[in-house]
Amino acid sequence: MAFINLMEKMVEIRMEERLKSDDYCKCEQCSEDIKCIALNNLPPKYVSTSKGELFSKIDQQMVRQNVLDIDVAVINAIEFVHKRPRH
């Protein structure tokens, strides 16, 4: 069993969706900065799970977790990094 910050996985999923449709830099540095900023503005959600159970737990948490909060954190992070890229 491993400990996983489920919020990290949810941010990655929402970030990928947002960056597909938006015309922002998707380089590794900007992507990592966006992820870190978003995660710093959201509470962590740790779970203990084996690899095969991860996606079912993400689906369950996405239903219960306010997806709007995650989207707002990701959008704000994208805008912040877009205005101040470090690459």
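Quick caveat: nothing in here was measured; it's all calculated off a predicted structure. Only heavy atoms go into these numbers, but all of them, side chains included; no hydrogens, no water, no symmetry mates.
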Side chain to side chain contact (heavy atoms under 4.5 Å, CB included) against Glu32, all qualifying residues, sequence neighbours excluded: Glu28
Sequence-distant partners of Ala77, side chain to side chain contact (heavy atoms under 4.5 Å, CB included), two or more places apart: Ile34, Ile37, Ala38
Spatial distance of atom CG (Leu19) from atom CD1 (Ile78) [nearest 0.5 Å]: 4.5 Å
Shared hydrophobic cluster for Ile75 and Met15 (ILVMFWY, side-chain gaps under 4.5 Å): no
Cys27: side chain to side chain contact (heavy atoms under 4.5 Å, CB included) partners, not counting sequence neighbours: Cys25, Gln29, Cys30, His87
Chi angles and distances behind the side chain to side chain contact (heavy atoms under 4.5 Å, CB included) call for Arg18, Asp71: CA-CA 8 Å; Arg18 283 284 170 194; Asp71 282 342; 4.2 Å; yes
Which residues share a side chain to side chain contact (heavy atoms under 4.5 Å, CB included) with Glu17, sequence neighbours left out: Ile13, Arg14
For Arg86, all residues meeting side-chain hydrogen bond (donor to acceptor under 3.5 Å, both in side chains), sequence neighbours excluded: Asp33
Test ring-ring contact (aromatic ring centres under 6.0 Å, His included) applied to Tyr24 - qualifying residues, sequence neighbours left out: His82
Single-linkage hydrophobic cluster, 4.5 Å side-chain cutoff, Tyr46 and Val11 together: no
Rounded distance (nearest 0.5 Å) linking atom CG of Leu39 with atom CE of Met7: 8.0 Å
